[in-house]
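Proteins come first, then strands; the chains are lettered A, B, ... in the order of their sequence lines, and each starts at number 1.
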2 protein chains.
Amino acid sequence: MLQWDDLRYFLAVHRHGTHAAAGRALRVAPTTIGRRLAALEEALGVKLFQRTPGGLVLGENGQVLRAHAERVEAEVFASERELTGADRRVSGPVRLTAGDGMATHLLAPRLTELQQAHPELRVELRADNLAVDLSRREADVALRLFRPREQSLITRRLAPFTFGIYGGEPYLARRGRPSGMKDAARHDWLGPESAQDGTPPGQWLRRHIPASRIALRSSATTVLMSACAAGQGLAVFPELLAACDARLVPVLPRAALPTRELWAVTHQDLRHSARVAAVMDWLVRLFPAARPA
Amino acid sequence: MLQWDDLRYFLAVHRHGTHAAAGRALRVAPTTIGRRLAALEEALGVKLFQRTPGGLVLGENGQVLRAHAERVEAEVFASERELTGADRRVSGPVRLTAGDGMATHLLAPRLTELQQAHPELRVELRADNLAVDLSRREADVALRLFRPREQSLITRRLAPFTFGIYGGEPYLARRGRPSGMKDAARHDWLGPESAQDGTPPGQWLRRHIPASRIALRSSATTVLMSACAAGQGLAVFPELLAACDARLVPVLPRAALPTRELWAVTHQDLRHSARVAAVMDWLVRLFPAARPA
DNA sequence: GCATGGCCGTGCATGATTGCACGTCGGACG
DNA sequence: CGTCCGACGTGCAATCATGCACGGCCATGC
């Protein structure tokens, strides 16, 4: 039967790269790390790491186990916090996640307010456009463009969330402004990767702009904003984000773009956690248009 | 620092009631159980069990830890299955969850087909009206009346899901059939508990029937169906369920009841699990009206 | 090309954890 | 009311895991 503690050694090796470094982190001898890791690979019957110059790197099976082990770890930490009462103080780690554009332009600049109000709070801001799974403790708080229906999640409405079409001055000087939707289809566009077709910008582009006119695709909104500001093409951005870069000039103001709402989401298990409550409150204050939900 | 393996001992004690029984299950001496448990309580600084005649019973803190520990366990088991290849065979446990009405009348009677097709499959059918959380591995497959939006969940449409209003013969003989919505508000009704106000029957009742006319509330649809068939009042049931009890007579056929769809939901991590695929396929075949989604 | 530093793997002493035997306690049943 | 049975806790011995010291290996830097 698998030794659950071995997952801790496994995670430490993955994070620190070598037996020795993992041993230092866990305050055990490197030889112990090696032996436990061998036992784990033995028990599972698979090799987990590839030995490379510069350390141990996860193999395919290792990646699979890492996902599981990290959830195990998060669950254990959560139980410790809850049972030892650490949840009642605003201290310790909070994992906050949002799309990279929001994280970069809306959250990161104002994180200092939160840090100053709660010096012991340690925020981990994960900028990721793939929706992480709150239920699995992959994050504590998430920003979403829709309100999840799951009963196990609790939500707070932050702000209306609208989109606009933008271009950079160099581009507009070179190509002019599109006069209407017909003309827009002849312009150069920047858009998200196909995996993000479901997002509002992705849907709008797929519907109105031929794929051949999309000059650049990126999974990162920050990349698209930078490229757009530099004049590489037109793009659809949230107005809240576009407002953060003065080089982005709105065009086609009458285009019919979708409207969403911005929600802060957390898991109901974290309802009584002071850390999470502090972050949720900070988020609500961040957006003046917030209304209770 | 907490010993992750201690959670295994903790769960075993909870499930088997005594140190000795837990020790037998884990193939260790009872004294080891006692010592690890003491170490766990020491590390967390809380008492987990109450000693009662007949065994150890979880205290309040124990309940909290149990929820976490069970998720840890499910995660560990999932990693074992995935890495050892046990996922590629249709064997082992599958946890299926649905409302108690659906579980009792639709799933349970036809589980034998599934068991015969896959003798090594061990189905745990959890009848629970509180939506369990698939993402947290509280179940592998769930039946839902809406399609979750979470990207991490995969769904298959099973059938249209309609509701009707029903009464038992004894009741109708005594009180007559309601002639219309006005008259309906003077009848006796059976309904779900207030915690289930969000369900279609709950919403409809809250809207059309005064709370004072609701003679019986139960969280269990089976209870309501039984009471309704025995003539204790009128109630709103899914037509698929009502069809299973010939004593339920449809009334008020023209009432405007909500319409839903029935979905089978699982987590994308289980996409490649043969066990889960077998259950999903069985569910689809169970409902002739199923269409791919 | 050689020295150095860090890392991993192997043998041995140590320390911790486990298992066993025994004592005590509480409840059940005659 | 006494006895028996099962369960939990304590002392001791064995076992197992851990830590340490050493050697081989690789990479980097001089």
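Looking at B:T97 and B:D128, their side chains never bring a donor and an acceptor atom within 3.5 Å of each other. In this model, no donor atom of one side chain and acceptor atom of the other lie less than 3.5 Å apart for B:S219 and B:N129.
As a whole-Å value, the separation of B:R51 CZ from C:dG27 P is 11 Å. Distance, A:D5 CG to C:dA16 P: 18 Å, rounded to whole Å. In this structure, A:F49 places its CZ atom 16 Å from P of C:dC7, rounding to the nearest Å.
Taking CG from A:L134 and OG from B:S135, the interatomic distance works out to 9.0 Å, rounded to the nearest 0.5 Å.
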Distances for protein N/O vs nucleotides 24-28 of chain D N/O pairs under 3.5 angstrom?
none

Checklist entry - Reading DNA chain C 5' to 3', how would its secondary structure be written in dot-bracket notation, given Watson-Crick and G-U pairs with both distances under 3.5 Å, brackets [ ] for crossing pairs and | for partners on other strands? => result ||||||||||||||||||||||||||||||
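Residue pairs meeting the side-chain hydrogen bond (donor to acceptor under 3.5 Å, both in side chains) criterion with at least one member in residues 55-64 of chain A, sequence neighbours excluded: A:Q63-A:R66.
Checked for salt-bridge contact, A:K47 and A:E41 meet the test: a charged N lies under 4.0 Å from a carboxylate O. We find that A:E124 and A:R126 are not joined by a salt bridge, their nearest charged nitrogen and carboxylate oxygen being 4.0 Å or further apart.
Within residues 9-20 of chain B, no residue is approached by DNA chain C to less than 4.0 Å at the level of any non-hydrogen atom. Listed in residue order, the members of residues 28-43 of chain A having a heavy atom less than 4.0 Å from DNA chain D are A:V28, A:A29, A:T31, A:T32, A:R35, A:R36.
The local environment of CZ in B:R15 is crowded, with over 12 non-hydrogen atoms from other residues, nucleotides or ligands closer than 6.0 Å.
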Next on the checklist: Run the salt bridge (Lys or Arg N to Asp or Glu O under 4.0 Å) test on A:R136 and B:D269 for me, step by step, so that the C-alpha distance in whole Å, both residues' side-chain angles and the decisive distance to 0.1 Å come before the verdict.
Outcome noted: CA-CA 12 Å; A:R136 311 176 73 177; B:D269 287 1; 2.7 Å; yes
For residues 31-40 of chain B, which side-chain N or O atoms pair as donor and acceptor with protein atoms under 3.5 Å away, sequence neighbours left out?
unit_1, atom_1, unit_2, atom_2, d
B:T31, OG1, B:R35, NH2, 2.8
B:R36, NE, B:D6, OD1, 2.7
B:R36, NH2, B:D6, OD1, 2.9

